[in-house]
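Here the structure comes first, spelled out in structure tokens, and everything after it is commentary.
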Number of protein chains: 2
Amino acid sequence: MTADALMASLERAGHRVTTPRRVVAQLVADREGHFTAGDLVDDARRRHTGIGRATAFRTLELFTELGLVERVDLPSGSHAYVACEPVHHHHAICTSCGRALDVAEAGLGPALDGIARRLDFQITSHRLEVFGVCAACRRGATR
Amino acid sequence: MTADALMASLERAGHRVTTPRRVVAQLVADREGHFTAGDLVDDARRRHTGIGRATAFRTLELFTELGLVERVDLPSGSHAYVACEPVHHHHAICTSCGRALDVAEAGLGPALDGIARRLDFQITSHRLEVFGVCAACRRGATR
DNA sequence: ATGTTATTGATACTGTGTCTCATATGAACG
DNA sequence: CGTTCATATGAGACACAGTATCAATAACAT
Ligand SMILES: [Zn+2]
Ligand SMILES: [Zn+2]
Ligand SMILES: [Zn+2]
Ligand SMILES: [Zn+2]
């Protein structure tokens, strides 16, 4: 996901294209794997962009609403984000390198149907998070 | 899950049986559906138990470690807990009444295997959260 | 260029969750 | 029982995460 693509989606949705937002978009695009709002704020300060804390949070929220970025809840309890395509899918998160692989819906349907039927529960949304070690990390060291 | 059962498990695990912990166990047992640490602290104050904030958090953490209580991440982003059996399972959370129904692993295995194979990803843990409306809430009103 | 409106950033504020440390108290032992 | 000592407690300080306020600024349609 490139910074330009993020800005384009944002404009398409009728939001203003501003410099601070462009900066945040670039920070997001430059991130590998998941990151927290705090990480982004730190990036912003480190690079001496003049981005305020509030703006970082607000822009991240905006991207999330537009589905350009998705929030994942790490086992640690902190809220992280990953840039991803705006279609329903899940994430396989590598606990070693932090990268998030996209997981297509993939056979979850029947399992969900079963749950709905057995519990007489009307499912409106669901969230699956898979944690483990990616192929790259299993070979090379922690890198 | 009764307060006594919570305390018994706690003792079995070699922890001290103390009055504050008994109180927290009771508060947990009295809760229907999910609750946050803050909710519990409020309960404690409201009932004029002398439980300190730190103790509520600590006891909740202890119960969680022992698997007597499980943490769920609500879509809102807040961390909630539900009392439940110490075996692997998931939760169907009613967005109307807040109750959490236990969901057996049920049919998730094949889907996970598929993910692991397709992504060449070694899964070490996973989390599924299902949100929707329970049978009771679909009939009666919001109750 | 101008006016309207959305956006920004500093700052203050509301939580959450953790840490420290002096005090209290379970439980094991005699 | 009373003694002993590791554990647990609670007050309060702390470290963050996230939100609200508001005057100043910048987009963008005209
Ligand atoms: Zn990896
Ligand atoms: Zn899905
Ligand atoms: Zn459960
Ligand atoms: Zn319900």
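The nearest whole Å value for the distance from the NE2 atom in His15(A) to the C1' atom in dC28(D) is 15 Å. Counting to the nearest Å, the P atom of dG10(D) and the CZ atom of Arg21(B) are 11 Å from each other.
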Could you run down the sub-3.5 Å N/O contacts of the protein with nucleotides 20-22 of chain D?
none

Donor-acceptor contacts under 3.5 Å from residues 20-28 of chain B side chains, at least two apart:
from	atom 1	to	atom 2	distance (Å)
Arg21(B)	NH1	Arg16(B)	O	2.8
Gln26(B)	NE2	Asp30(B)	OD1	2.8

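In this structure, Glu85(A) has no salt bridge (Lys or Arg N to Asp or Glu O under 4.0 Å) partners at least two apart in sequence or on a different chain. Among residues two or more places apart in sequence or in another chain, the side-chain contact (heavy atoms from CB on, under 4.5 Å) test is passed with His79(B) by His79(A), Arg71(B), Asp73(B).
Residues from residues 69-84 of chain A placing a heavy atom under 4.0 Å of any atom in DNA chain C do not occur.
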Go through His15(A) and Glu11(A) one step at a time and tell me if the side chain to side chain contact (heavy atoms under 4.5 Å, CB included) criterion holds. CA-CA 5 Å; His15(A) 294 277; Glu11(A) 181 165 28; over 6 Å; no

Give the intermediate values and the outcome of salt bridge (charged side-chain N to carboxylate O under 4.0 Å, His left out) for residues Asp120(B) and Arg139(A). CA-CA 12 Å; Asp120(B) 192 11; Arg139(A) 306 194 213 307; 3.3 Å; yes

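Between His34(B) and His91(B), the ring center distance fails the sub-6.0 Å criterion.
With respect to Asp43(A), the salt bridge (Lys or Arg N to Asp or Glu O under 4.0 Å) criterion is satisfied by exactly one of Arg45(A), Arg47(A), Arg46(A): Arg46(A).
Taking the nucleotide of DNA chain D with the nearest heavy atom to each of Glu61(A) and Ala56(B), the more 5' of the two is matched to Ala56(B). When the nearest nucleotides of DNA chain C are assigned to Phe57(B) and Arg16(A) by heavy-atom distance, the more 5′-ward of the two goes with Arg16(A). Checking Arg53(B) against Pro20(B), the closest nucleotide of DNA chain D that is more toward the 5' end is the one next to Pro20(B).
The side chain of Thr18(A) contributes no N or O atom lying less than 4.0 Å from OP1 or OP2 of dC28(D).
The main-chain N or O of Ile51(B) is never found under 3.5 Å from a side-chain atom of Thr55(B) such that the two would form a donor-acceptor pair.
A nucleotide of DNA chain C counts as in contact with chain B when one of its atoms lies under 4.0 Å from a heavy atom; the first and last such, 5' to 3', are dG17(C) to dA27(C).
Taking SG of Cys84(B) as the reference point, atom NE2 of His90(B) lies at 11.5 Å (rounded to 0.5 Å).
Inspection of the His126(B) and Glu105(B) side chains reveals an N or O donor paired with an N or O acceptor under 3.5 Å.
Under the 4.5 Å side-chain criterion, counting only non-hydrogen atoms from C-beta, Ile115(A) is not in contact with Phe121(A).
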